[in-house]
Amino acid sequence: MIRNVVFLILFGVNVLAAQAAPIKMAITVDDLPVHGSMPEGESRLEIAEKMLKAFEKHNLKGVYGFINAKNVDEMPETFKILKLWKDKGQFLANHTYSHISIQKISSQQYIQDILKNEVTLKKLATEQEYKFFRYPFLREGETVEKRETVREFLKQNHYQIAQVTVDFDDWYYNEPYAECKDLKAKTCVQFLKDSYLEFARTKLKESLSLSKELFGRDIKHILLLHIGAFNAEMMDDLLKTYKKMGVEFIPLQEAVNDPIYKIDSKFVAPKSLTFLEQIQKMGKN
Ligand SMILES: [Zn+2]
């Protein structure tokens with residue numbers, strides 16, 4: 001009897017805690033259709049299929065994939081990855097044509113790179129859908145001129161910036177995964193899996209606490225992922241892990257409506273920082 005009561009209290013408290021404050025987070029996936037190293041015998045299409053299957057299992061529709069069409073032009077067979085992404089009910093948006101870092105070119109060249117990417121996007125998505133922009137390397141420029149010029153272009157062209165508030169360097173795992181898998185080193189793969197999930201948990205907790213510190217409340221988060229071999233392998237486990245932490249996945253369109261995304265951090269530096277880290281540095285750089 002007592003055990004039942006204890007169970008009910010614990011269970012009840014858990015349910016209430018989960019219902020009271022779900023962590024709202026939109027998933028975004030960068031670098032479609034090609035990202036990172038790949039183990040021997042796997043194909044880019046299989047990687048996309050695996051990731052999409054995990055989204056399907058968790059009933060996730062409208063997940064934004066940010067594309068670099070240069071890879072499609074150089075490897076035309078990868079166009080079908082974008083097509084598959086769309087066929088499975090997910091969305092596409094702009095991540096520049098060549099994935100160049102803004103400090104390597106002028107603001108005008110950067111704008112041309114954004115526009116060039118639209119040629120492929122227009123074949124697959126409506127303007128309303130694809131007009132989200134993700135800066136490669138999360139860098140907006142090392143000068144005020146570049147930052148402001150590109151921002152003004154985005155605004156005039158009805159783009160919304162898809163900021164990132166949760167980033168656990170998921171891309172980092174793809175190369176060691178390919179190496180461990182090619183060597184058939186199971187312990188090594190398992191180590192990477194454990195480390196990936198642990199880091200994902202830690203970085204989400206950090207973003208939760210930083211958003212509370214900065215805004216005094218939970219915000220609508222935006223998670224950065226990449227379309228790599230290991231990310232696809234881990235996607236189901238990653239989504240389960242986040243759900244266990246109380247995450248409710250929301251569309252990007254809903255996340256960007258959080259008023260915090262209207263804040264302009266004015267952050268100018270050749271550095272990759274999340275939106276929260278940029279705000280933390282406001283007035284200090
Ligand atoms: Zn990228």
Side-chain angles (χ1 to χ4, degrees), residues 25-38 44 47-48 51-52 63-75 78-79 81-82 85 90-105 107 109-121 124-125 129-142 146-147 150-151 154 159-175 177-178 196 199-200 203 221-232 234-235 238 252 255-256 267 269-278:
M25 183 162 77
I27 299 170
T28 61
V29 184
D30 280 14
D31 301 359
L32 267 63
V34 171
H35 173 85
S37 306
M38 210 168 43
R44 296 291 175 190
I47 289 169
M51 190 175 275
L52 288 163
V63 174
Y64 264 93
F66 287 83
I67 80 158
N68 309 114
K70 186 169 188 267
N71 284 322
V72 183
D73 289 347
E74 289 174 358
M75 293 170 268
T78 60
F79 183 77
I81 292 173
L82 304 183
W85 191 267
Q90 315 305 350
F91 292 159
L92 297 171
N94 204 328
H95 191 37
T96 73
Y97 177 77
S98 60
H99 204 278
I100 194 154
S101 185
I102 192 166
Q103 73 259 29
K104 293 191 175 162
I105 52 177
S107 52
Q109 286 169 318
Y110 196 77
I111 287 168
Q112 289 311 311
D113 210 61
I114 297 171
L115 288 170
K116 202 172 176 187
N117 211 31
E118 289 184 351
V119 177
T120 300
L121 283 166
L124 292 156
E129 178 185 315
Y130 76 70
K131 289 226 164 166
F132 280 96
F133 183 68
R134 166 71 43 74
Y135 285 89
F137 311 101
L138 307 183
R139 289 174 196 157
E140 286 200 38
E142 77 288 15
K146 275 189 183 177
R147 192 177 191 280
V150 174
R151 275 194 164 234
L154 293 173
Y159 271 100
Q160 290 196 70
I161 298 170
Q163 299 284 6
V164 169
T165 63
V166 184
D167 174 12
F168 68 99
D169 292 333
D170 67 313
W171 57 270
Y172 178 81
Y173 289 82
N174 292 306
E175 197 178 330
Y177 171 62
Y196 182 94
F199 203 40
K203 294 302 279 186
H221 286 276
I222 303 175
L223 169 69
L224 169 63
L225 296 174
H226 296 81
I227 192 155
F230 194 59
N231 300 314
M234 293 303 292
M235 194 52 60
L238 179 67
L252 179 62
V256 295
F267 182 73
K271 260 188 186 175
S272 300
L273 295 183
T274 67
F275 183 61
L276 296 178
E277 289 163 342
Q278 290 178 29

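Excluded from the calculations below are hydrogen atoms, water molecules and symmetry mates; all remaining heavy atoms, backbone and side chain alike, are included. Predicted model only: the values in this text are computed from it and were never measured. As the structure lists them, so they are numbered: ligands from 1, and atoms in each ligand from 1. In what follows, residues are counted from 1 in the order of the sequence shown.
In this structure, the separation between CG on Leu273 and CG on Leu138 is 8.5 Å, given to the nearest 0.5 Å.
For Arg134, the salt bridge (charged side-chain N to carboxylate O under 4.0 Å, His left out) criterion is met by Asp30, not counting sequence neighbours. Residues forming a salt bridge (charged side-chain N to carboxylate O under 4.0 Å, His left out) with Glu129 (at least two apart in sequence, or on another chain): Lys86. Residues satisfying the salt bridge (charged side-chain N to carboxylate O under 4.0 Å, His left out) criterion with Arg147, sequence neighbours excluded, are Glu140, Asp264.
A donor-acceptor contact closer than 3.5 angstrom links the side chains of His95 and Asp31.
Ring-plane geometry between Tyr130 and Tyr159 is classed as tilted, the angle between the planes lying from 30 to 60 degrees on a 0 to 90 degree scale.
Protein N/O/S atoms closer than 2.8 Å to the Zn ion (ligand 1), listed by chain and residue number, are Asp31 OD1, His95 NE2, His99 NE2.
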